[in-house]
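Here is the structure we will look at.
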Amino acid sequence: MAAVQFDQVDVAFGRHVVLRQLQFDVPEGAFVGVIGPNGAGKTTMIRLVLGLLRPNSGSVTVLGQPAGRGGRQIGYVPQSFAAEPDLPLRARDLVGLGLDGEKWGFALPTKDRRRRIDACLERVGALGYAEEAVGTLSGGERQRLLIAQALLTSPRILLLDEPLANLDIRSGHDIIRLISEIASETRITVLFVAHDVNPLLGVLDQVLYIAQGRAVLGSVEQVVRSEVLSELYGQPVEVVRVQGRILVFAGDEMVPLGHEELLPHGRPRSLPAEP
Amino acid sequence: MASIWNTIFAPGLFSYSFVVHAWVAATAIAVLAALVGFFVNLRGEAFVAHAVPRGAFAGAAGAFLIGVNSILGLSVFAILMALGMGLMRRRSHNGVITALALVTALGLGDLFLTVGNTYAPEVFALLFGQLLGISGSEMVAIAVLSVCLVGVIAVVYRPLLLASTVPDFAAARGVSLTAMNVTFTLLVALAASLTVPVVGALLAFSLMIGPAAAGWYLAKTPWGAMLYSVGIALGTVWVAIVIGYDSSLPIGFLVAGVSLLAYMVARAINWFRRRRPGEAAVVPTGSGAVAR
Ligand SMILES: Nc1ncnc2c1ncn2[C@@H]1O[C@H](COP(=O)(O)OP(=O)(O)O)[C@@H](O)[C@H]1O
Ligand SMILES: [Mg+2]
C-alpha cells in the first residue's frame, strides 16, 4: 500500500491555479524530499495530505483512506513557532501537547505520560533542556521539540514543512541526520520540504519536484535532470553537477534555482509567473 | 490588638449583607478574570480585553433606551462584538479588526446616549462600577455564571492552549482555529459582562490583564501561571474591598492600582531571579523566533 497517493489532483484559489493534475504514489517507508521554488505549492501539497484543504478535483489518499482532518497517523512539523522568553511553557509542556493537545479537558500528570514524553525528548536529544522555557531556546532546539511533539503519537507518516528555513547550515545538517536516523529505525514515511535538494542528497530515497503547479516523483537521478526539469518548468533548464552538488539553472539569465537570494530582486525574473 | 484589627478591617466588613455580596461577587469574578487573562496574555490579545468591556458598555446605553435591563444589553453587545471579532480574526491585522469592532460599538453607544437624551444613573454606574451596591440576586447570578465559565475554561483548556502556541500543529490535529478564536473572544466577552457591573467598564480590563501579567512572570508552566494569576487577582479584589469599604476611593482605581503594583513586584522578582547566576540565567537567543 502506498503511504500517500495523489490522483489527478487540481487545486485553485479563485482563478489562481496552484496545482494541476498531480499524480504520484509515495511508497511506505520512503524518505521523500519535496523540492521546489517559493510559491510552487509545496505547503499546499502538505495541507492536502493533512486534509486541511480539499482538492478542486481528483483525490488524495493517505494510508488507504481519503485524506481527512486530524489524523494521529500523521506527524506534522511546522516551520517554527513564536515564543517570547517569558512564556511560561517548558520544553516538556510543549512536547506533551503533541500527545493529546487536541482533546478536551486537561491531562493528568501520570507516570506513563511522563515516560512517553521523556522517551520522545530523548530521541531528539532534547532531554537536557526539557525544563527550560521554550522562548529561551535556539532555532535548532525548537525544531527538535517540534519533531518530538510530532512523534508522540507514533505516526506512520512524518511531514516537515521547510524545517531548515530558520536554521544555520550546521543545525540544518543535524536536523537532517536526526530525521534520517528516525526514518531508518521506524520505517516511517517522510515528506521533507526544502527549497534546495543539496543538503538532503545523502539521505533521500526519492525527490518530489514541484514547479509551475506540476510535480514529478522519482529518484534524484531520474528527476533532477535537464530534460525532466525543462519539461516541468516548460522552459530550458540546465542541471549541473559540481563536486557532488547539484545546481539547477533556469531561463535566459541562468539563475540558480533555490538560490533566489542571489538575485537583486528576489525571484528569478526569467520564470513566467503563470503560463 | 483589637484596635489594629478594627483599624484595618472596619466594623461590618464581614457582616453587613451588601459587603458580603461584594466579597462573594468579587471573589467569583477575580477567579474568572484571572483565568481568562491567562489566555489573553498567551495570545497577546490585550487589546481585545481592553476593547470588549468598553464597546459592550454601549449595549447598556442601548438597553436603557429601549427599556430593558442594562446588564442584559451589555452582555448582548459583548457577545456580538466577540462573535464578529472571532470570526474575522486572521493571524495578523487582528488589531485593526478589534479597533473596528470597538469604534462601531462606541459609535452606536454615542448614538444611543444622544437619542435617549437622558441622564441614566444606572448606565453611568456601569462606567465606574459599584462593588458595594450588588444585590443578593446579582451576587448569586455572578457566582453561578462564573462557576459555569470556569468549567468551560477547564473543558477548552487543552485545544485552546495548543491553538494559541502552535497554531499550525493544532490545525493539523483537527483543531478548528476559527472555533478557538471564537471561543476565546466569547470567553473575554462573558468575563467582561460579569466584571463590568462590579469594577466598571473603564477599568474592568485591568482585572483581566494585571494579575495574569504578573503571574506570567512568576511561573514556569501554564498551570503555575494560572494559579499565580488567580491568587494575585483574589488578593487584588480583597484588598480593594477592604480599602474601598473604609475610604470612598473608587473601586476601579483600587483594582487597577493594586494589580499594577502586583505586576511591578512580579517583574522585579523575575529580574532578580535572572540576575542570580546558575539558576534560570538563560540568555534568550531569539534566533528561532518567527513572526506568526
Ligand atoms: N489560502 C490561499 N489563498 C490564496 N492563495 C493561496 C492560498 N494558499 C496558497 N496560495 C497560493 O498558492 C501558491 C503556492 O503556495 P504554497 O503552497 O504556500 O507555496 P510553497 O510552500 O511552495 O512556497 C502561492 O502562489 C500562494 O500565493
Ligand atoms: Mg511553504
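Heavy atoms only: backbone and side chains are in, while hydrogens, waters and symmetry mates are out. Chain letters run A, B, ... following the sequence lines, proteins first and then strands; every chain starts at 1.
For chain B, no part of A:L159 is nearby; none of its heavy atoms comes within less than 4.5 Å. For chain B, the nearby parts of A:D86 are the backbone and the side chain; heavy atoms of each come within less than 4.5 Å. Looking at B:F169, both its backbone and its side chain come within 4.5 Å of chain A, counting heavy atoms on both sides. Contacts between A:Q149 and chain B at a heavy-atom distance below 4.5 Å involve backbone atoms as well as side-chain atoms. Neither the backbone nor the side chain of A:I46 comes within less than 4.5 Å of any heavy atom of chain B. Residue B:N270 touches chain A through its side chain alone, counting heavy-atom pairs closer than 4.5 Å. Of the two parts of A:A107, the backbone and the side chain both hold a non-hydrogen atom closer than 4.5 Å to a non-hydrogen atom of chain B. Residue B:M180 touches chain A through its side chain alone, counting heavy-atom pairs closer than 4.5 Å.
Judged by distance alone, with hydrogens and angles left aside, the side-chain atoms of B:S164 form no donor-acceptor pair with the main-chain N or O of B:R43 at under 3.5 Å. Using a distance-only test at 3.5 Å, with no hydrogens or angles considered, a donor-acceptor pair links the side chain of A:R144 to the main chain of A:V124. Judged purely by atom type and a 3.5 angstrom limit, B:K220 uses its side chain to pair as donor or acceptor with the backbone of A:E131. Within the 3.5 Å criterion, the main-chain N or O of A:G29 finds no donor-acceptor partner in the side chain of A:R156.
Ring geometry for A:F31 versus A:F192: interplanar angle under 30°, hence parallel rather than tilted (30 to 60°). Ring-plane geometry between B:W216 and B:F38 is classed as tilted, the angle between the planes lying from 30 to 60 degrees on a 0 to 90 degree scale.
When the heavy atoms of residues 140-155 of chain B are compared with those of chain A, the residues falling under 4.5 Å are B:A154, B:V155, listed by number.
A cation-pi arrangement, defined by a distance under 6.0 Å to the six-membered ring centre and an angle within 45 degrees of its axis, is absent between B:R267 and B:W271.
Distance CD/A:Q5 to CG/A:D25: 4.5 Å, rounded to 0.5 Å.
In this structure, B:L161 and A:F106 have side chains that are not in contact, with every pair of non-hydrogen atoms separated by 4.5 Å or more.
A salt bridge (Lys or Arg N to Asp or Glu O under 4.0 Å) check over residues 147-160 of chain B, counting only residues at least two apart or in different chains, returns the pairs A:D100-B:R158.
Note: A:G98 leads A:G98, A:A150, A:G75 in heavy-atom pairs under 4.5 Å with chain B.
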